[in-house]
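A short worksheet on the structure shown next.
Throughout, protein chains are lettered first and strands after them, A, B, ... in sequence-line order, and every chain is numbered starting at 1. This one's a predicted model, so the numbers in the text were calculated from it and none came from an experiment.
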There are 2 protein chains.
Amino acid sequence: MQQSNRAGGAGARGRVLVVDDDPTVAEVVAGYLDRAGYVVDRADDGPGALTRAAAHWPDLVVLDLMLPGMDGLEVCRRMRGHGPVPVIMLTARGDEDDRILGLEVGADDYVTKPFSPRELVLRVESVLRRARPEAGTRMLSAAGLTVDPAARRATKNGTELALTIREFDLLAFFLRNQGRAYGREDLMREVWGWDFGDLSTVTVHVRRLRGKVEDDPARPRLIQTVWGVGYRFETDAGEED
Amino acid sequence: MQQSNRAGGAGARGRVLVVDDDPTVAEVVAGYLDRAGYVVDRADDGPGALTRAAAHWPDLVVLDLMLPGMDGLEVCRRMRGHGPVPVIMLTARGDEDDRILGLEVGADDYVTKPFSPRELVLRVESVLRRARPEAGTRMLSAAGLTVDPAARRATKNGTELALTIREFDLLAFFLRNQGRAYGREDLMREVWGWDFGDLSTVTVHVRRLRGKVEDDPARPRLIQTVWGVGYRFETDAGEED
DNA sequence: CTCCGACGTCCGCGTTTCGTAAGGAGCGAA
DNA sequence: TTCGCTCCTTACGAAACGCGGACGTCGGAG
């Protein structure tokens, strides 16, 4: 890797490819993004952009619409042909058509010239936040599992899990309260919101959840049974066979 | 209530902090801005500016680059340390370097001396307008969809969509809040503005919107159903069949 | 006035999910 | 080992849910 990585606490926030033929603009933008904690790559024309992208696939592209040789739209199109990548377009002020065209081609946002670098950085962060569910909202994660309460999605090693409501809530509760053992009554109260009911309901749902979450549902590692007590979500403390 | 607040019907259009060591300039600028309907705060040096800003955080700062004691750039930098605020720089004529420097620090615009107060006011309005894009007048897009809230137009892959009012608002809301799951009650509140009502209304409108927006309405990819919860607009980045 | 689009409501239908029951397996103690 | 209790697994009926189609109303355009 190259330079930067400011101590801002964010670490490497992502790789951004800046494509602009105006050295001044490129310099300013790159400087800003660098100071904001991004690893910045630069290109001054279409082919160059594609080459850089091939070498180091960026997390986001800041793309000037007016480019010598290859149109910015064309660059965007080709980039998209290689893989999904967020794009922010730099367009001339007041050129509504260009903006719409850019968005239709697949740009995720646009900034009109002249622009303030501050605004650009804000948009970069906004787009990245939107494109990467891993960051941003208060997400729960442990042992390859991720649970996004806002989006109501859960993944296991990157692949999405098809959980029902109860399963989702149950998993979310476990992730929020790791390492502690909970009786069936507790779970029934916390997850179901009931003060009484058939406790076997909990048992069955735990089993169903295990079937979707555990690598080997027959020998659960995440949702462990605490004999005579209930269950406990353990973030893979130690391996035992 | 404090001073000014012109009766122009617009009320307080925003608070502007004018920082200039030349009393004449400051007086003229402040006068014009006040007459334009802004609440104007003044400071004649860097520390003073920071103090005023701390007392009443401005919506915009008009900042002289040449300041006794603390450099205008430094003031801008420190201001930015406290929070994001648009800045218009006053620079000496023809000083290209200063302009670049100003932009690097994060100025949103610059005006070269000598300037006409009228122009400054115009720029203030322009920057403020630009700095508040979240107010709903910004273009939205995702997955080949384009929504222009200002023009009330929406396109899909370049072709215009014939959306009704409700459908448009619904789509706009989804585009503004991608990746999150919303219950029918939430949508009813956010899009319809109702606190109660038949939730099937939401269901039906989602279906109608799907019919116009989805490639295969029977198998929606954009507006996904979150079973038992509601709906979620997903950009669907990276998923292939 | 009539026609037409938009909107809200309602009603079946197919599907998914839930809760419960019942039998079998596992665990610990005597 | 055997016994007693707990947990697992499976199955199934019922309820909940979402979907599509259709209807009646309202208001604006012709």
Side-chain angles (χ1 to χ4, degrees), chain A residues 152 154 160-173 181-234 240, chain B residues 152 154 160-174 181-189 191-214 216-234:
Chain A
R152 202 116 197 137
E160 174 128 21
L161 290 173
L163 299 181
T164 69
I165 309 255
R166 293 266 127 90
E167 289 161 1
F168 186 91
D169 290 340
L170 190 55
L171 181 59
F173 176 82
Y182 291 92
R184 288 175 175 72
E185 297 188 8
D186 301 322
L187 293 172
M188 182 131 268
R189 195 180 324 108
E190 299 289 339
V191 179
W192 271 258
W194 301 348
D195 279 335
F196 54 89
D198 192 338
L199 296 182
S200 67
T201 293
V202 178
T203 308
V204 172
H205 277 275
V206 165
R207 186 209 157 271
R208 288 174 180 153
L209 182 56
R210 275 174 171 165
K212 297 181 179 179
V213 162
E214 298 279 357
D215 289 323
D216 181 6
R219 218 170 309 103
R221 269 192 296 185
L222 274 38
I223 306 176
Q224 296 179 351
T225 300
V226 184
W227 221 88
V229 179
Y231 301 97
R232 172 183 53 202
F233 188 91
E234 198 80 52
E240 42 192 316
Chain B
R152 286 233 135 216
E160 176 122 18
L161 288 174
L163 298 182
T164 70
I165 299 155
R166 290 271 128 91
E167 288 161 1
F168 185 91
D169 289 341
L170 191 55
L171 181 60
F173 176 82
F174 275 135
Y182 291 93
R184 289 176 174 73
E185 299 188 26
D186 300 322
L187 294 172
M188 182 129 266
R189 195 179 325 106
V191 178
W192 272 259
W194 301 349
D195 278 335
F196 53 89
D198 193 339
L199 296 181
S200 65
T201 294
V202 178
T203 309
V204 172
H205 278 274
V206 165
R207 179 170 72 239
R208 289 171 180 160
L209 180 57
R210 275 174 172 166
K212 298 182 179 179
V213 161
E214 298 278 357
D216 180 6
R219 221 169 293 100
R221 263 191 285 193
L222 272 39
I223 306 176
Q224 298 179 350
T225 299
V226 185
W227 227 89
V229 177
Y231 300 96
R232 172 183 52 205
F233 189 92
E234 197 76 46

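Closest-nucleotide positions on DNA chain C for A/Trp192 and B/Thr164 were compared, and the one nearer the 5' end corresponds to B/Thr164.
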Nucleotides 25-30 of chain D: protein proximity per nucleotide (B base, S sugar-phosphate only, - neither; heavy atom, under 4.0 Å): ------
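Computed from coordinates, the B/Ile223 CD1 to D/dG20 P distance equals 12 Å when rounded to whole Å. Put simply, CG on B/Asp216 is 14 Å from C1' on D/dC19, counting in whole angstrom units. Residue B/His205 contributes atom NE2, which lies 15 Å from atom C1' of D/dC19 at whole-angstrom precision. As rounded to whole Å, 14 Å separates atom C1' of D/dC19 from atom CZ of B/Arg219.
Residue A/His205 holds its NE2 atom at 7.5 Å from CD of A/Glu167, rounded to the nearest 0.5 Å. Considering CG of B/Leu170 and CZ of B/Phe174, their distance stands at 4.5 Å, rounded to 0.5 Å. Expressed to the nearest 0.5 Å, how far CG of A/Leu163 lies from CG of A/Leu171 amounts to 6.5 Å.
Shown here are the side chain to side chain contact (heavy atoms under 4.5 Å, CB included) partners of A/Ser200, two or more places apart in sequence or in another chain: A/Asp198. B/Val229 meets the side chain to side chain contact (heavy atoms under 4.5 Å, CB included) test with A/Arg152, A/Ile165, B/Ala181, B/Val226; sequence neighbours excluded. For A/Asp216, the side-chain hydrogen bond (donor to acceptor under 3.5 Å, both in side chains) partners are A/Arg219, not counting sequence neighbours. Under the ring pair (Phe, Tyr, Trp, His ring centres under 6.0 Å) criterion, A/Phe233 pairs with no residue at all, not counting sequence neighbours. Residues forming a ring pair (Phe, Tyr, Trp, His ring centres under 6.0 Å) with B/Phe168 (at least two apart in sequence, or on another chain): none.
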Nucleotide N/O of nucleotides 8-14 of chain D paired with protein N/O under 3.5 Å:
{"residue": "D/dC8", "atom": "OP1", "partner": "A/Arg210", "partner atom": "NH1", "Å": "2.6"}
{"residue": "D/dC8", "atom": "OP1", "partner": "A/Thr225", "partner atom": "OG1", "Å": "2.6"}
{"residue": "D/dC8", "atom": "OP2", "partner": "A/Tyr231", "partner atom": "OH", "Å": "2.7"}
{"residue": "D/dT10", "atom": "OP2", "partner": "A/Arg207", "partner atom": "NH2", "Å": "2.8"}

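Although no hydrogens or angles enter the test, the distance criterion places no donor-acceptor pair under 3.5 Å between the side chain of B/Glu234 and the main chain of B/Arg221.
Judged as a salt bridge (charged side-chain N to carboxylate O under 4.0 Å, His left out), not a single pair has a partner in residues 199-211 of chain B (not counting sequence neighbours).
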Can you give the donor-acceptor pairs under 3.5 Å from side chains of residues 184-192 of chain A to other protein atoms, not counting sequence neighbours?
{"residue": "A/Arg184", "atom": "NE", "partner": "A/Thr203", "partner atom": "OG1", "Å": "2.9"}
{"residue": "A/Arg184", "atom": "NH2", "partner": "A/Tyr231", "partner atom": "OH", "Å": "2.9"}
{"residue": "A/Asp186", "atom": "OD2", "partner": "A/Gly183", "partner atom": "N", "Å": "3.0"}

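Among the heavy atoms of the strands, none lies under 4.0 Å from A/Val202.
A 4.0 Å heavy-atom criterion places the boundary nucleotides of DNA chain C facing chain B at C/dA6 to C/dT17, written 5' to 3'.
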